[in-house]
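Model, not experiment: these values are computed from the prediction.
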Amino acid sequence: MLYGGSKEAAASVSKDAEVMLKLGSTEDKREQYRLMRDAMEKRFIRVTRGSIVGGVRLGMFTAAFYGIRNLLAEKRGVHDVFNDVGAGSATASAFGLIMPGSLRWRARNMALGQC
């Protein structure tokens with residue numbers, strides 16, 4: 001959640017610059033207050049949404065990893081490091097496949113995940 005929120009907070013810096021430009025061109029104090037309040041609300045919503053999305057992504061990755069790891073341990077009947085390796089490879093390749101981008105880019109991500 002921290003990663004998603006910090007990424008969105010860093011991305012909103014350019015939007016804050018736009019608000020500052022609008023503030024400089026407005027002499028009315030009420031309009032300046034409204035612009036600042038709207039900018040703060042939008043930034044809060046962006047950071048909150050980024051935090052939630054980041055947390056959900058991490059949760060999905062973790063749940064997939066541990067689910068596959070436990071499935072491999074149950075099917076193989078052995079609890080060893082190869083369950084972790086197989087689960088990590090399968091999870092990383094699956095998440096590489098659902099990343100945005102072209103089919104070639106996704107295939108590359110999937111291949112890197114299997115390594």
Side-chain angles (χ1 to χ4, degrees):
M1 291 177 75
L2 288 174
Y3 171 73
S6 62
K7 188 175 80 167
E8 287 298 323
S12 66
V13 170
S14 63
K15 304 225 187 270
D16 291 343
E18 293 174 15
V19 171
M20 294 309 266
L21 285 174
K22 287 180 184 177
L23 281 176
S25 64
T26 305
E27 295 297 324
D28 186 19
K29 295 291 183 190
R30 288 183 184 167
E31 183 67 17
Q32 288 179 353
Y33 176 75
R34 188 190 65 76
L35 285 172
M36 284 299 291
R37 189 187 68 221
D38 289 346
M40 295 297 272
E41 287 175 359
K42 287 178 183 176
R43 184 175 191 172
F44 177 76
I45 290 170
R46 268 195 312 270
V47 170
T48 304
R49 185 180 301 138
S51 296
I52 292 170
V53 168
V56 167
R57 286 180 182 164
L58 179 63
M60 287 176 23
F61 185 85
T62 304
F65 174 79
Y66 280 103
I68 293 171
R69 186 180 96 168
N70 291 337
L71 180 72
L72 287 174
E74 183 69 28
K75 293 294 181 188
R76 292 179 63 222
V78 177
H79 292 281
D80 60 358
V81 72
F82 294 113
N83 295 334
D84 294 333
V85 171
S89 177
T91 305
S93 64
F95 274 79
L97 194 60
I98 64 172
M99 296 286 285
S102 66
L103 185 59
R104 184 176 179 196
W105 184 257
R106 291 178 185 183
R108 177 189 163 275
N109 288 341
M110 191 175 104
L112 285 174
Q114 289 177 353
C115 294

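Listed by chain and number, the residues in a side chain to side chain contact (heavy atoms under 4.5 Å, CB included) with Asn83 are Arg69, Leu72, Ala73, Arg76, Asp80 (sequence neighbours excluded). Not counting sequence neighbours, Glu74 has no partner by the side chain to side chain contact (heavy atoms under 4.5 Å, CB included) test.
Sorted by first and then second residue, the salt bridge (charged side-chain N to carboxylate O under 4.0 Å, His left out) pairs with a member in residues 50-66 form an empty list; sequence neighbours excluded. Sorted by first then second residue, the salt bridge (charged side-chain N to carboxylate O under 4.0 Å, His left out) pairs that include residues 93-115, not counting sequence neighbours, number zero. Within the structure, no pair that satisfies the ring-ring contact (aromatic ring centres under 6.0 Å, His included) test touches residues 96-115, not counting sequence neighbours. Applying the ring-ring contact (aromatic ring centres under 6.0 Å, His included) test to pairs two or more places apart or on separate chains, none has a residue in residues 68-87. Pairs of residues two or more places apart, or lying in two chains, never qualify as salt bridge (charged side-chain N to carboxylate O under 4.0 Å, His left out) while including a residue from residues 87-101.
Between Asp38 and Lys42 there is no salt bridge, since no side-chain nitrogen of the basic residue lies less than 4.0 Å from a carboxylate oxygen of the acidic one.
Atom CZ of Arg49 is surrounded by 12 or fewer heavy atoms from other residues, nucleotides or ligands within 6.0 Å. Residue-environment remark: CZ (Phe44) stays at or below the threshold of 12 foreign heavy atoms within 6.0 Å.
Alongside Val53, the hydrophobic cluster contains no other residue (criterion: ILVMFWY side chains under 4.5 Å).
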Residues 89-98, side-chain donor-acceptor partners within the protein, below 3.5 Å, at least two apart:
from, atom 1, to, atom 2, distance (Å)
Ser89, OG, Gln114, O, 3.4
Thr91, OG1, Ala87, O, 2.7
Ser93, OG, Ser89, O, 3.0
Ser93, OG, Ala90, O, 3.0

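The hydrophobic clustering, which links ILVMFWY residues whose side-chain heavy atoms are closer than 4.5 Å, places Phe65 and Leu58 apart.
Arg37 contributes atom CZ, which lies 12.0 Å from atom CE of Met40 (distance to the nearest 0.5 angstrom).
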